[in-house]
Amino acid sequence: MFDARPIGVFDSGVGGLTVLHECLVNLPAEDFIYLGDTGFFPYGSRTLEEVRALAFRNASFLVEQGVKLIIVACNSAAAAALPQLQAAFDTPIVGVVMPGARAAVQETRSRRVGLMATVATVRSESYQQALLSLDAGVEVFPVECPRLAPLIQGGDVFSEEVEEAVREYVGPLKASEVDTVILGCTHYPLITPMLRRLLGPQVSLVNSAEEIAREVGETLERKGVGNKEGREGDYRFYSTGDPEAFRSVGARFLQLPIREVLLWEAGAEVAASLGQHV
Ligand code: DGL
């Protein structure tokens, strides 16, 4: 028995391609449909209500495509809306927060865990709650990193500007003597070497993209909805912003070829309801 339907993935833009990368590498037989909401990036500086509205319209779009499972690859969206999405849709939905929190609790020895994430993710307190639900004795040190995702997406990942921002954000984590740091944003795996150097080798980094890929694999197996073993899966893309820009910026995140990107022009109603933020 196998289930040939694709898996849907959505993100605020190209960052979730780090999640898709892990899924493509670890689950090569599966087909994927990826929706990048580049027209509405970034989510991290929006209110939780706005992010929730965007997450609902993204999930509805993927359900219409006939997916068997939805991955909320975006930390800001998972933090703002995962329980509400799960309650509203029949399709199983998984998100990045809990797998990352679980890995951090397993990893830490000092039980002092740092979190680097967008403002929306930190303020939703989802990671903090997830960590405490797994180990009530853990101490969490969250740092809002508003400049990081736009800088990583927009320019040279290895620039001094990025390094300067990283140096500023890791400062409080070093002072708090955490031994584990959750990379609570899709963009941060791209700057892993810089983070390792500035945090020091004694600090473990938790990559939420790797953790969610593991969880998806387990979910498919347990539910018995994996695709036929041995086949080579396909993957395709929709974006709400310029498809060409998605393609050129996205390749750096996916590290695999990006072929056709289709424009999804929906969202005008949501755009109107989000007012000046769009
Ligand atoms: N995908 C988003 C996240 O993980 C990237 C940042 C943003 O949209 O603000 O939070």
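Just so you know, ligand 1 is whichever comes first in the structure, and atom 1 is the first atom listed for that ligand.
- In the hydrophobic cluster analysis, where Ile, Leu, Val, Met, Phe, Trp and Tyr join through side-chain heavy atoms closer than 4.5 angstrom, Val14 is grouped together with Val162.
- Protein heavy atom nearest atom 10 (O) of ligand 1, with residue, atom name and distance: Ser76 OG, 2.6 Å.
- Between Phe89 and Phe56, the ring-plane angle classifies as tilted under the 30° and 60° cut-offs.
- Interface atoms of ligand 1 facing Ala149, defined by a heavy-atom separation under 4.0 Å, are 6 (C).
- Taking 4.0 Å as the cut-off, Cys185 counts as a neighbour of ligand 1 on heavy-atom distance.
- For ligand 1, the atoms closer than 4.0 angstrom to any heavy atom of Asn75 are 3 (C), 4 (O), 10 (O).
- Between atom CD of residue Glu210 and atom CD1 of residue Ile212 there is a gap of 12.5 Å, rounded to the nearest 0.5 Å.
- Of all protein heavy atoms, the one closest to atom 1 (N) of ligand 1 is Asp11 OD1, 2.6 Å.
- Near Gly44, with a cut-off below 4.0 Å to any heavy atom, the atoms of ligand 1 are 7 (C), 8 (O), 9 (O).
- Around CD of Gln202, the count of heavy atoms belonging to other residues, nucleotides or ligands within 6.0 Å exceeds 12.
- In terms of protein heavy atoms, atom 8 (O) of ligand 1 is closest to Ser12 OG, 2.7 Å.
- Interface atoms of ligand 1 facing His187, defined by a heavy-atom separation under 4.0 Å, are 5 (C).
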Test salt bridge (Lys or Arg N to Asp or Glu O under 4.0 Å) applied to Arg147 and Glu164, step by step: CA-CA 11 Å; Arg147 286 193 290 143; Glu164 212 176 280; 5.2 Å; no

Yes or no on ring pair (Phe, Tyr, Trp, His ring centres under 6.0 Å) for Phe61 and Phe10, after CA distance, side-chain angles and deciding distance? CA-CA 10 Å; Phe61 173 79; Phe10 78 81; over 10 Å; no

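- Atoms of ligand 1 lying under 4.0 Å from any heavy atom of Thr118, numbered from 1 in the order shown and given with element: 6 (C), 9 (O), 10 (O).
- Ring-plane geometry between Phe246 and Tyr34 is classed as tilted, the angle between the planes lying from 30 to 60 degrees on a 0 to 90 degree scale.
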